[in-house]
Amino acid sequence: TNKDQLIQAVKKLKEENKRLTKLYAAKSDLVSISVHQVRTSLSAIKWILKMFLDGDLGAFTAEQQNLMSKAYEGNDRAISIVSELLIANKTEEAIGKDYSFEKINIQELIESAIFDFSGEAYIKGIETIFLKPDNDMPEVNADKEKIRVVLQNLLENAIKYSNKHGKIFITLIKNGDFCQVSVKDTGVGISEEGKKKIFGKFYRDSEAEKKEIMGSGMGLFTTKEIVEKHGGKIWFESKDGEGTTFFFTIPIFK
Ligand code: ADP
């Protein structure tokens, strides 16, 4: 009968949807891992080229210096492009994929995220200081890879929107039933308009546009989405020109 046929068709569609969701997740993981590796390699090259350009390894002729600058700029553009690809991919993951919660040591995760950005911070002469908690931190109930994305976005922004030789302070404290993380920078700050819109999709502050800092305006939208899916909160304090501090909380594992 028609009804049976319809039931069959719906069943088939459901199975197909399941299969596609799985394939999609596998694709996302593959993109994420390979793009990450490409970015790490490009960052290593950037570091080396920078040492050459700064004359740390001896003087060059004008022509050598010129070519080296071109290599540096080209490499830098490539880093921006793959970084955008990473964010786009992370955004899809954060919004689309299922979350798998487990007991996570957030202090280790913070240390590893800081390490991932040590090259970029070094290049901008920015000092990253983790003010570790005095006591052992309880573990949190979290999806590790998602929280890694949150930390990456906040650290990346802190570096991107800082001037050279700035300082970034990261703290981790216990706040009731939550672990609370803060990332403080001494950067450009957020405008009054930005304060209302910063967590919105595709929003970028005019300062960011003016300085032509690469970005998609999706980082903080994704970050908020992830924190709230964990049952946590995210907020910030910022003064134009004096820097910004982002805070977020994640529930303690019970
Ligand atoms: P993106 O950095 O890709 O533009 P985000 O969603 O991460 O997107 O951030 C949105 C906007 O918020 C940025 O364009 C920038 O103007 C502002 N912003 C984010 N973090 C900071 C920060 N630490 N200091 C100053 N401005 C920031």
Please work out which of the three classes, parallel, tilted or perpendicular, describes the rings of His230 and Phe101, given edges at 30° and 60°.
perpendicular

With Glu193, the side chain to side chain donor-acceptor pair (under 3.5 Å) member among Lys196, Lys195, Lys197:
Lys197

Flag if over 12 foreign heavy atoms under 6.0 Å of NZ, Lys103:
no

Can Asp185 and Ser162 be said to form a side-chain hydrogen bond (donor to acceptor under 3.5 Å, both in side chains), step by step?
CA-CA 7 Å; Asp185 64 53; Ser162 279; 4.6 Å; no

Does the distance from a Lys or Arg side-chain N to an Asp or Glu carboxylate O, for Glu73 and Arg77, drop under 4.0 Å?
no

With distance as the sole criterion, is a donor-acceptor pair present between the side chains of Tyr161 and Asn163 under 3.5 Å?
no

Is the number of heavy atoms from other residues, nucleotides or ligands within 6.0 Å of NZ (Lys46) greater than 12?
yes

Nearest heavy-atom neighbours spanning Thr223 and Gly219:
OG1-O, 2.6 Å

Does a donor on one side chain and an acceptor on the other come within less than 3.5 Å for Asp205 and Ser191?
yes

Atom CG of residue position Asp136 - does it have more than 12 heavy atoms of other residues, nucleotides or ligands inside 6.0 Å?
no

Applying the side-chain contact (heavy atoms from CB on, under 4.5 Å) criterion to Ile114, which one of Ile168, Val183, Leu155, Ile129 satisfies it?
Leu155

So does Lys12 pair up with Glu16, basic N to acidic O under 4.0 Å?
no

Donor-acceptor pairs are to be reported for all side-chain atoms of residues 242-254 against protein atoms at under 3.5 Å, with residues two or more places apart or in another chain.
residue: Thr244; atom: OG1; partner: Ser238; partner atom: OG; Å: 3.0
residue: Thr249; atom: OG1; partner: Lys233; partner atom: N; Å: 3.0
residue: Lys254; atom: NZ; partner: Asp177; partner atom: OD1; Å: 3.2

Given 3.5 Å as the limit, does a donor-acceptor pair link the side chain of Asp54 with the main chain of Asp56, or not?
no

Between Glu228 and Lys224, does any side-chain N to carboxylate O distance fall below 4.0 Å?
yes

Salt-bridge criterion met for Lys132 and Glu111 (N-O under 4.0 Å)
yes

